[in-house]
Each structure stands twice: as C-alpha cells, then as structure tokens.
Amino acid sequence: KQHLDVLVLDGGHDYRRVRLQGLRVWHVPADAAAAKALDAAFAELAGDAAPRETRLVVSGRSLRVPHAAAGVARFSFAALCEQPLGPGDYLALATHFHALVLDDVPVLGAERAAPARRFITLIDALYDHRVKLVASAAAAPDALYAEGEDAAMFARTASRLIEMQTPEWLALPHLT
C-alpha cells in the first residue's frame, strides 16, 4: 500500500446471479422445446464459455462430467441417477459447480426406486450447497413420485425443488 495504488474492483454484483433473473428453471414436458431452453440456459449461465468434458476425483475414482463450463455442469438424469453414484459424487458436483443443468427427469415410482433415491440424494446435495438447478422433466416436482414406497420421502424433495425455483432462492450465493 505504501508503494502501489490500490484499486477496488468489486462492483458489488455477482453476475452469475444476475444471469438467473427471469430464467425459467423447470421445463415440462421434457421435449425438444425444453432441450432448446436448457441449451440456452447453459449458454447464459456459462457466459457463452465453450462446454467441455471434465473429470472430478471422488474417493480415488474419476467422475465424468460430460459438459462443463464456467462453473456450470450439464447431465442427463440417466447419467446422474441411473448409474451407481452416491452421496460423495453428488457432494463433489455441488461443491465444484454453482449451477447444474439436468435433462429428462422422468416420472418415478416403485419400479424405479433406486434412481428415485439417487435423485433425492442429488437434490439434497444441490440444495444444501445452493446450487442452481435448471431442468427438464416429465412432470411438475410434486407429480414426479406420487405413489410408491418412497413417496413420503420424496415429498420433501418436491418441496425443495419448488423452493429452488423461487427468485429468493435463486438469489442466494453458492456454498462451496
């Protein structure tokens, strides 16, 4: 400070959050129009940075992130919830990325109990770290798992998904 001019560059704006203003984050149904909206959301959130494949090391294993750019990751539901992934994988994603774009969340039920439990765990990790979620789905959050063994547990997840769409929640900072 004695030998240099100190310039404060903090403009007081987190431009990642500004990009979320007015952005629709839950798209039903998961059709071609939703895929196009998710493409646009990814580009907006990543600031037009080119997506590339990356890998995270989780407990000595490599977790493939098929599309990542500027703190935003994109996956299909099948890649995240129909594979043998667990809480550590979802926590790694939640701490490394401030936003997640998720394609094709299906209606779940007793016949898809394992993917439904993984989805619950994923949403818990994203919620706890305030990761912004933009998704396409076959139904609204409260209709994704209406009946089955884990339907009561899924009610909390649906509530979180609804809260994660509010302007107040979208304005919260990401917790790493």
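Bear in mind that the values here come from a model prediction, so they are computed numbers and not experimental data.
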Is Arg74 salt-bridged to Asp39, going by a charged N under 4.0 Å from an acidic O?
yes

Charged N to carboxylate O under 4.0 angstrom, Arg64 versus Asp89?
no

Residues 136-148 side chain polar contacts: donor-acceptor under 3.5 Å, at least two apart:
{"residue": "Ser136", "atom": "OG", "partner": "Asp104", "partner atom": "N", "Å": "2.8"}
{"residue": "Tyr145", "atom": "OH", "partner": "Asp150", "partner atom": "N", "Å": "3.3"}

Show me the side-chain donor-acceptor pairs of residues 164-173 shorter than 3.5 Å, one per line, residues at least two apart or across chains.
{"residue": "Gln165", "atom": "NE2", "partner": "Leu161", "partner atom": "O", "Å": "3.3"}
{"residue": "Thr166", "atom": "OG1", "partner": "Glu163", "partner atom": "O", "Å": "2.8"}
{"residue": "Thr166", "atom": "OG1", "partner": "Trp169", "partner atom": "N", "Å": "3.2"}

Is any side-chain heavy atom of [Y] closer than 4.5 Å to one of [X]?
X	Y	value
Glu53	Pro66	no
Arg160	Asp128	yes
Thr54	His96	no
Leu102	Val134	no
Leu80	Leu85	yes

Applying ring pair (Phe, Tyr, Trp, His ring centres under 6.0 Å), can you list everything that pairs with Phe119, at least two apart in sequence or on another chain?
Phe77

For the side chain of [X] and the backbone of [Y], is there at least one donor-acceptor N/O pair under 3.5 Å apart?
X	Y	result
Ser159	Ala155	no
His98	Ala70	yes
His129	Leu93	no
Arg118	Cys81	yes

Apply side-chain contact (heavy atoms from CB on, under 4.5 Å) to residues Val65 and Phe97 and explain how you reach the verdict.
CA-CA 11 Å; Val65 181; Phe97 297 99; 4.0 Å; yes

With a 4.5 Å cut-off on side-chain heavy-atom distances among I, L, V, M, F, W and Y, is there a chain of contacts connecting [X] to [Y]?
X	Y	result
Phe75	Leu91	no
Leu175	Leu56	no
Met153	Leu126	yes
Val28	Val107	no

Could you pull out the closest heavy-atom pair between Ala69 and Ala50, with the gap in Å?
CB-O, 3.7 Å

Heavy atoms of Ala125 and Ala94 approach each other most closely as O-CB, 3.6 Å

From Tyr127 atom OH to Thr157 atom OG1, the distance as rounded to the nearest 0.5 Å
11.0 Å

Might you work through the side-chain contact (heavy atoms from CB on, under 4.5 Å) test for Leu38 and Asp103, ending with a clear yes or no?
CA-CA 8 Å; Leu38 268 53; Asp103 292 86; 3.4 Å; yes

Dump the intermediate steps for side-chain contact (heavy atoms from CB on, under 4.5 Å) on Arg156 and Asp124, then the final yes or no.
CA-CA 10 Å; Arg156 180 177 60 90; Asp124 286 345; 3.0 Å; yes

